[in-house]
Amino acid sequence: MFRPAIALSALWFTAVPLHAQEESLLDLLGEEEPTKEYTTASFKTSRVVNGHSLENTAHGVLDFKIGHRFGFLNTGLEELFGLDQATIRLGFEYGLTDRIMIGFGRSTFQKTVDGFAKYKFLRQCQSGCGMPISAALVVATSINTLPESKTPWYAPDRETYFSHRMGYNFQLLLGRRFSEAFTLQLMPGLIHRNLVISTEEANDVYNMGFAGRLKLSKRVAINAEYFYVLAGQLRAQNVPADRINDPNPGYKNSLSVGFDIETGGHVFQLHFTNSTGMFERAFITETTGDWANGDIHFGFNVSRVFTLHRPKKKG
Amino acid sequence: MILAFRTPNDQQHMMMTRILLPLAFVIPFTLQAQDRYVTRDGHVSFHSETPMEKIEAHNHKVTSVMDLTTLAVEITMLVKAFEFEKALMQEHFNENYMESDKFPKATFKGKIGGATAEQLSKPGDHKVTVEGDLTIHGVTKPVKVEGTMSRKDAGSVRSSATFIVKPEDHGITIPGMVRDNIAKEITVKVDLPYSKM
């Protein structure tokens, strides 16, 4: 008498919870396939401060960049702490695809025209795939367009060839957005200069960059970047006596700290840096400012994007 | 023949077990699993229009299940699946407004009213009222939406609705600087082509 009754009631009890679980109709569909999703917005824009970030301009988007550096803060009240002076770079960047972008710019610094291409060949994966980092390759060239007599290498008895004006930058960007707020990036790089001022300088300058981003709020982030140039590769023409024993006499490693402020279509970057130039050859191999000495520029970058082409999204 | 060797009591037990036992399994499921419809490629779009800017985004990967016996309906979608014309807008939508990493999904769970299950089983357009909980940006709000359910045949039903969502109702703050660019009331359009499960 007992056993079937017990069996039955037990079945009802097991059946009822199953039934209750079904309260969510969506559960009937079973486990969802994780959608493949890449990490985005590791940085607010395609630059950390001077150097490239992991981010690309999206396909069909034109980014107009204005880079502006005032004079050194230590120039005192006479120069209004550097505000009387200015050096700028105007640049245009365009996304050929979501992973390949090209750009060019023109700088006050040695009246240089620069061009670059950036290819993001690895994308950090957020879900549904396994890539832990993003990686990009940056290839850039710069051409000094100063009149011959004003070039730093000018000698009256020697002819200047066009190739003398050129320099190249090869850089690998490796980075990871570790959390919502924190991104870290490493940038091993090589700068090749066709012509250097003295035989004491290397044509190929090996360097290592470090960059980080910490979001303070949804729209404000603090950025920092540092480019370490291996010792003994650079030497300025007239080295001050107190700098003669520096790893690269007359030159300093580039260090920049700043804020990104994003407002819809604009990103404003306000920063302090010891570098004057805003393309790699200039800020990696020709930074003379010394933070300890107050040779610090206040500066800003303004980025404004325009959607020129609307690629058809994949269904 | 075997039963003949058993006592009448035992026979009764066997009967009960043999008949009721399977029923016990079947009843709780079959009663519920009668008239269910599903879609995985539903379309949800939203539109924000101000004199300064027009914003529009589309999500074509909306999943929904409805049960026309109990008149229950559930909808879910990945916020990151909304596609904008401008890439940067899409990034800001996910990063600054929806915080899609924290709140990956937008969901709705509710009941269909205004028409009976029997009415909805007939072909034609039916006006319905859907009432339930809308969860966006991790904030759940009760909503009541007027919509249409069109039945073509026994195997497919199409539901559509248009309604207003206020970002502030779901804890989405719009900073002063872009206040003129983003509407206070966002028009949401839902179009769900269901087929029988």
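The structure presented is a predicted model; accordingly, all values stated were derived computationally and were not measured.
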Worksheet item: What residue, out of A58(A), S127(A), A41(A), has the most heavy-atom pairs lying under 4.5 Å from chain B?
Response: A41(A)
Practice prompt. With rounding to the nearest 0.5 Å, note down the distance linking CD in E74(B) to CG in D27(A).
Written response: 7.5 Å
Practice prompt. Measure the spacing between CG of L25(A) and CE of M197(B) and express it to the nearest 0.5 Å.
Written response: 8.0 Å
Between [X] and chain A, with a heavy-atom cut-off of 4.5 Å, which part of the residue counts as in contact: side chain, backbone, both or neither?
X      : value
L78(B) : side chain
M66(B) : backbone
E99(B) : side chain
K86(B) : both

Validation row: [X], [Y] side chains within 4.5 angstrom (heavy atoms):
X       : Y      : value
E262(A) : N96(B) : yes
L88(B)  : V61(A) : no
L29(A)  : T63(B) : yes

For the pair [X] and [Y], find out whether any cationic side-chain nitrogen is under 4.0 Å from an anionic carboxylate oxygen.
X       : Y       : answer
K102(B) : E180(A) : no
R310(A) : E56(B)  : no
K215(A) : E95(B)  : yes

Practice prompt. Please report the shortest heavy-atom distance between E91(B) and F43(A), naming the atom on each side.
Written response: OE2-O, 4.4 Å
Practice prompt. Please say whether more than 12 non-hydrogen atoms of neighbouring residues, nucleotides or ligands are located less than 6.0 Å from OH in Y226(A).
Written response: yes
Item to complete: Output the option from R40(B), M89(B), E53(B) having the highest count of non-hydrogen pairs under 4.5 Å with chain A.
Response: R40(B)
Fill in: Residue among D101(B), D41(B), I75(B) with most heavy-atom pairs under 4.5 Å to chain A
D101(B)
Discussion item. Ignoring hydrogens and geometry beyond distance, is a side-chain donor-acceptor pair present between T307(A) and E85(B) at under 3.5 Å?
Written reply: no
Fill in: Verdict with supporting geometry, T173(B) and K218(A), side-chain contact (heavy atoms from CB on, under 4.5 Å)
CA-CA 11 Å; T173(B) 48; K218(A) 283 181 206 165; 4.2 Å; yes
